[in-house]
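Nothing here was measured: the structure is a model prediction, and the numbers come from that model. The sequence lines fix the lettering, A, B, ..., with proteins before strands; numbering per chain opens at 1.
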Amino acid sequence: MNAEHRHSGSPRHWLMKSEPEAFSIDDLKRKRREAWDGVRNYQARNFMRDGMQPGDRVFFYHSNCATPGIVGIAEVATDAYPDPSQFDPASRYFDPASTRGQPRWMLVDVKFVRKLRRTISLDELKGHAALLGMPLLRKGNRLSVMPVAADEWAYILALE
DNA sequence: GCCAACGTTGGC
DNA sequence: GCCAACGTTGGC
């Protein structure tokens with residue numbers, strides 16, 4: 001994806017993973033809005049930097065927990081900007097190779113939209129042939145930010 | 001807690 | 001530029 005694809009067409013859809021022990025959908029609900037810091041994977045960064053625009057919808061996914069799955073909906077609230085944590089030596093996300101002049105890591109703010117009425121678990125998603133093309137379901141996938149096709153988005157919402 | 005899968009790093 | 005070693009992710 002590149003700059004010429006930005007701001008064209010209808011809003012895109014995304015999926016963002018978070019470990020609920022670190023930051024859950026309930027945390028987002030309480031705070032209303034959050035800077036999605038700590039992404040240190042280039043592909044995930046590129047989706048935020050080059051693909052996301054304010055108003056895009058996001059599936060909030062709980063990973064590394066008892067029942068991994070989609071638990072809510074958020075919305076992209078900003079364009080991408082430098083992740084402040086990369087400049088903070090006290091942060092676990094500090095990156096000594098990054099400079100303010102040439103920041104390596106970008107993020108967006110996301111805001112809470114709603115919780116799903118129930119968790120749509122990873123296990124359940126795997127049971128739908130229509131969804132098997134999702135990067136989320138690819139074996140060994142470790143991306144924490146990924147696109148969701150419009151038809152997959154609608155299909156999943158219809159499961160709720 | 002285990003470990004497969006993957007991305008990154010660094011020696012050469 | 002190769003690739004082994006290492007660290008991390010995340011399901012189970």
Starting at atom CZ of Arg40(A), determine the distance to atom P of dT9(B), rounded to an integer number of angstrom.
12 Å
Flag this pair as yes if the NZ/CZ of Arg33(A) is under 6.0 angstrom from the six-membered ring centre of Phe112(A) and inside a 45 degree cone about the axis; otherwise no.
no
Just how far, in rounded Å, is P of dT8(B) from CG of Leu143(A)?
10 Å
Whole angstrom is fine here: how far is it from CE in Met16(A) over to C1' in dT9(C)?
16 Å
In terms of side-chain heavy atoms of Leu122(A), which of dG7(B), dG10(C), dG11(C) is nearest?
dG11(C)
Between Trp36(A) and Phe60(A), is the ring centroid distance below 6.0 Å?
yes
Check the distance between dG7(B)'s P and Arg45(A)'s CZ and give it to me in whole angstrom.
15 Å
How many whole angstroms separate atom CD of Glu19(A) from atom P of dT8(C)?
12 Å
Where the side chain of Lys139(A) is concerned, which of dA5(B), dG7(B), dG11(C) is the nearest nucleotide?
dA5(B)
Nearest whole Å is fine: how far is dG10(C) P from His62(A) NE2?
13 Å
Heavy atoms only, 4.0 Å cut-off, all strands: where does Leu137(A) land among base, sugar-phosphate and nothing?
nothing
Examine Trp153(A) together with Phe59(A) and report whether their ring centres are nearer than 6.0 Å.
yes
dG10(C) C1' sits how many Å from Leu15(A) CG, rounded?
14 Å
Between dG11(C), dA4(B), dT9(B), which one does the side chain of Arg104(A) approach most closely?
dT9(B)
Please report whether the ring centroid of Tyr61(A) lies less than 6.0 Å from that of Trp14(A).
no
Nearest-nucleotide comparison on DNA chain B, the residue closer to the 5′ end among Asn64(A) and Arg138(A):
Asn64(A)
Can you see if the side chain of Tyr61(A) gets near the phosphate of dG11(C) - specifically, an N or O under 4.0 Å from OP1 or OP2?
yes
How are the rings of Tyr155(A) and His128(A) set to each other: parallel, tilted or perpendicular (split at 30° and 60°)?
perpendicular
Return the value, rounded to whole Å, for the distance between atom CD of Gln43(A) and atom C1' of dT8(B).
14 Å
Would you tell me if any nitrogen or oxygen in the side chain of Lys17(A) comes within less than 4.0 Å of OP1 or OP2 on dG10(C)?
yes
